[in-house]
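Notes for the one structure printed next.
For this chain, numbers begin at 1 and follow the sequence in order. As the structure is a prediction and not an experimental result, all values here were calculated from the model. Only this structure's heavy atoms are used, side chains among them; waters, hydrogens and symmetry mates stay out.
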Amino acid sequence: MTQPSRRKGWCPSAHRPMLSGDGLVVRIRPVRARLTAVQALGLADAAGRFGNGILEITRRGNLQLRGVAEAAHAPLLAALDALALVPPDAAAEGRLNLLCAPLWAPGDDTDRIATALEALPYRAPALPAKFGVAVDAGEARALADIPADIRIERAAEGGLILRADGATAGRPVTAADAPQAALDLARWFLASGGAAAGRMRRHLAAGARLPAGHGAEPAACAAPLRPGPTSVGPAGAARGLALGLPFGQTTAPALSRVIAATGARALRITPWRLLVLEGAAAAPLPADFLGPAEARLLAVDACPGAPACSSASVATRALARSLAPRIAGSLHVSGCAKGCARSAPADWTLIGRSGYFDIVRDGDVAAAPVATGLSAAEALAFFEGR
């Protein structure tokens with residue numbers, strides 16, 4: 001087994017898991033954000049047999065299993081390989097961080113471009129570990145608020161553009177030449193010193209000048225996906241049902257039950273803590289899932305907290321659930337000062353420090369707090385009447 005890591009600024013994968021307070025975190029990247037029902041049921045079975053049965057959706061639309069013992073990692077990899085859910089080795093797994101808008105249809109621009117990017121024989125050398133490409137080529141942009149460094153997306157005039165994250169406009173491309181253009185932009189990033197900045201947005205903010213030709217405006221953003229009936233593909237090509245996962249988390253038994261109950265033929269994994277069940281029929285939902293009436297909890301960010309994460313000094317999600325109906329704006333509850341669950345500022349941010357909470361107004365985990373050293377009960381009392 002590859003030695004698990006505790007390094008910061010690095011993401012776990014299937015071949016290179018991360019050690020946390022509840023065991024190894026093993027992350028997989030579903031191909032074009034989709035799992036067949038057979039793959040999803042097999043993944044749920046593997047999560048229960050080799051981990052603690054918890055599955056999570058990440059902010060980049062990946063899936064991860066928690067609580068995997070080190071001795072169980074090798075048999076877990078074998079099970080995932082049998083389901084065609086992992087690349088053959090760590091080198092292949094690290095070629096490209098690819099994020100795909102989840103509601104694509106077979107043969108559309110998103111599908112074609114993502115398929116071509118997945119087939120590239122190598123990853124541009126020495127890219128930072130979190131550097132990624134978003135394929136967002138639907139009629140409107142769905143991934144504008146999701147971290148990515150290079151974006152292939154719809155242009156305001158109807159074609160496609162390649163846009164560097166942090167730039168307001170992009171370079172016109174076609175579906176055929178977009179994959180090579182993305183690789184060329186990644187090479188420009190390296191050649192112009194971007195590795196020191198780590199991310200495209202920071203590189204441009206520091207003064208890097210893009211090559212000529214990046215002047216095409218992007219299209220408007222799509223309406224946010226919400227829990228409830230939806231369609232998959234353009235013009236309602238297929239029926240779907242979007243279900244919310246509180247804090248992006250569910251359990252293996254719940255996932256298996258909802259697939260069986262709805263007759264879903266596949267799952268689309270989104271970066272918004274939503275699963276889209278492709279071809280699903282309406283059915284009573286297990287308690288783990290959120291319907292339209294409970295969508296407020298999807299706007300609350302909370303990391304696993306203690307004891308699941310060894311960096312956290314406080315439990316987070318019970319407090320976040322209690323605070324959700326009391327706070328109208330954005331809320332982030334972090335078990336420590338790393339702020340893994342949310343990088344952007346929130347209306348209210350709670351940070352665990354030495355077993356207590358600090359509270360920040362209109363900021364992130366690095367901002368100056370307006371209250372410090374509160375217990376969970378005192379934090380709840382702080383928001384009474386606000």
Side-chain angles (χ1 to χ4, degrees), residues 6-11 18 20-21 56 58-60 128-132 143-149 165-168 196-207 224 246-249 271-273 296-386:
R6 292 181 182 270
R7 285 189 292 161
K8 299 175 178 63
W10 167 82
C11 293
M18 180 177 285
S20 191
E56 296 176 325
T58 75
R59 289 189 294 168
R60 292 195 181 185
K130 292 189 176 183
F131 193 96
L143 301 177
D145 62 339
I146 304 301
D149 297 275
D165 191 48
T168 58
R199 302 301 299 269
M200 182 71 79
R201 180 176 289 272
R202 291 199 293 264
H203 188 42
L204 297 184
F247 312 116
Q249 188 177 91
W272 309 294
R273 303 181 193 145
R296 165 62 189 149
L297 197 55
L298 294 176
V300 177
D301 298 290
C303 67
C309 178
S310 56
S311 296
S313 66
V314 292
T316 55
R317 290 181 172 170
L319 178 59
R321 281 181 178 273
S322 297
L323 287 173
R326 308 183 190 203
I327 297 175
S330 53
L331 170 65
H332 176 198
V333 183
S334 181
C336 73
K338 291 192 296 181
C340 298
R342 182 185 176 103
S343 54
D347 294 326
W348 293 100
T349 299
L350 284 74
I351 308 124
R353 301 188 197 278
S354 303
Y356 295 91
F357 290 94
D358 293 350
I359 299 178
V360 169
R361 180 75 169 105
D362 295 326
D364 59 15
V365 291
V370 296
T372 60
L374 304 182
S375 67
E378 289 168 335
L380 277 172
F382 177 89
F383 289 98
E384 289 292 342
R386 289 182 183 269

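Pro369 has its side chain out of reach of Ile359: every pair of non-hydrogen atoms, C-beta onward, lies at least 4.5 Å apart. By the 4.5 Å heavy-atom criterion applied to side chains, Asp301 and Leu331 are not counted as neighbours. The shortest distance between side-chain heavy atoms of Asp347 and Arg361 falls below 4.5 Å. Proximity of Tyr356 to Val314: side-chain heavy atoms (C-beta onward) are nowhere separated by under 4.5 Å.
In plain terms, the two heavy atoms of Leu323 and Phe383 that are nearest each other are CD2-CD1, 3.6 Å. Taking all atoms of both residues into account, the shortest heavy-atom contact from Ala308 to Ser20 is O-OG, 2.9 Å. The shortest heavy-atom contact between Ala324 and Leu297 is CB-CD1, 3.8 Å. Here the closest heavy-atom approach between residue Ser330 and residue Ala346 is recorded as OG-CA, 3.4 Å. Minimum heavy-atom separation, Val333 to Ala320: CG2-CB, 3.9 Å.
Residue Phe357 is tested with Leu350, Leu380, Thr372, Ile351 for a side-chain contact (heavy atoms from CB on, under 4.5 Å); the sole match is Leu350. If you run side-chain contact (heavy atoms from CB on, under 4.5 Å) between Cys309 and each of Ser311, Ser313, Pro307, only Ser311 comes through. Considering Arg201, Arg199, Arg202 in turn, Arg199 is the only one that fulfils the salt bridge (Lys or Arg N to Asp or Glu O under 4.0 Å) rule with Asp149.
Interatomic distance, Leu374 CG to Asp358 CG, rounded to the nearest 0.5 Å: 7.5 Å. To the nearest 0.5 Å, atoms CG (Leu204) and OG1 (Thr168) are separated by 10.0 Å.
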**Request:** Step by step, work out the side-chain contact (heavy atoms from CB on, under 4.5 Å) result for Val365 and Thr349.
**Result:** CA-CA 7 Å; Val365 291; Thr349 299; 4.1 Å; yes
**Message:** Test side-chain contact (heavy atoms from CB on, under 4.5 Å) on Lys338 and Cys303; report intermediate values, then the result.
**Reply:** CA-CA 10 Å; Lys338 291 192 296 181; Cys303 67; over 6 Å; no
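Residue pairs meeting the ring-ring contact (aromatic ring centres under 6.0 Å, His included) criterion with at least one partner in residues 297-339, sequence neighbours excluded, are absent. Applying the salt bridge (Lys or Arg N to Asp or Glu O under 4.0 Å) rule to pairs touching residues 310-333 yields Glu56-Arg317, Arg326-Glu384, sequence neighbours excluded.
Under the ring-ring contact (aromatic ring centres under 6.0 Å, His included) criterion, Phe382 pairs with Trp348, sequence neighbours left out.
Without hydrogens or angle criteria, Arg273 side chain to Phe247 main chain gives no donor-acceptor distance under 3.5 Å. Within the 3.5 Å criterion, the main-chain N or O of Ala318 finds a donor-acceptor partner in the side chain of Ser322. Here the side chain of Ser334 pairs no donor or acceptor atom with the backbone of Ala337 at under 3.5 angstrom. Not one N or O on the side chain of Arg59 forms a donor-acceptor pair closer than 3.5 Å with the backbone of Ile146.
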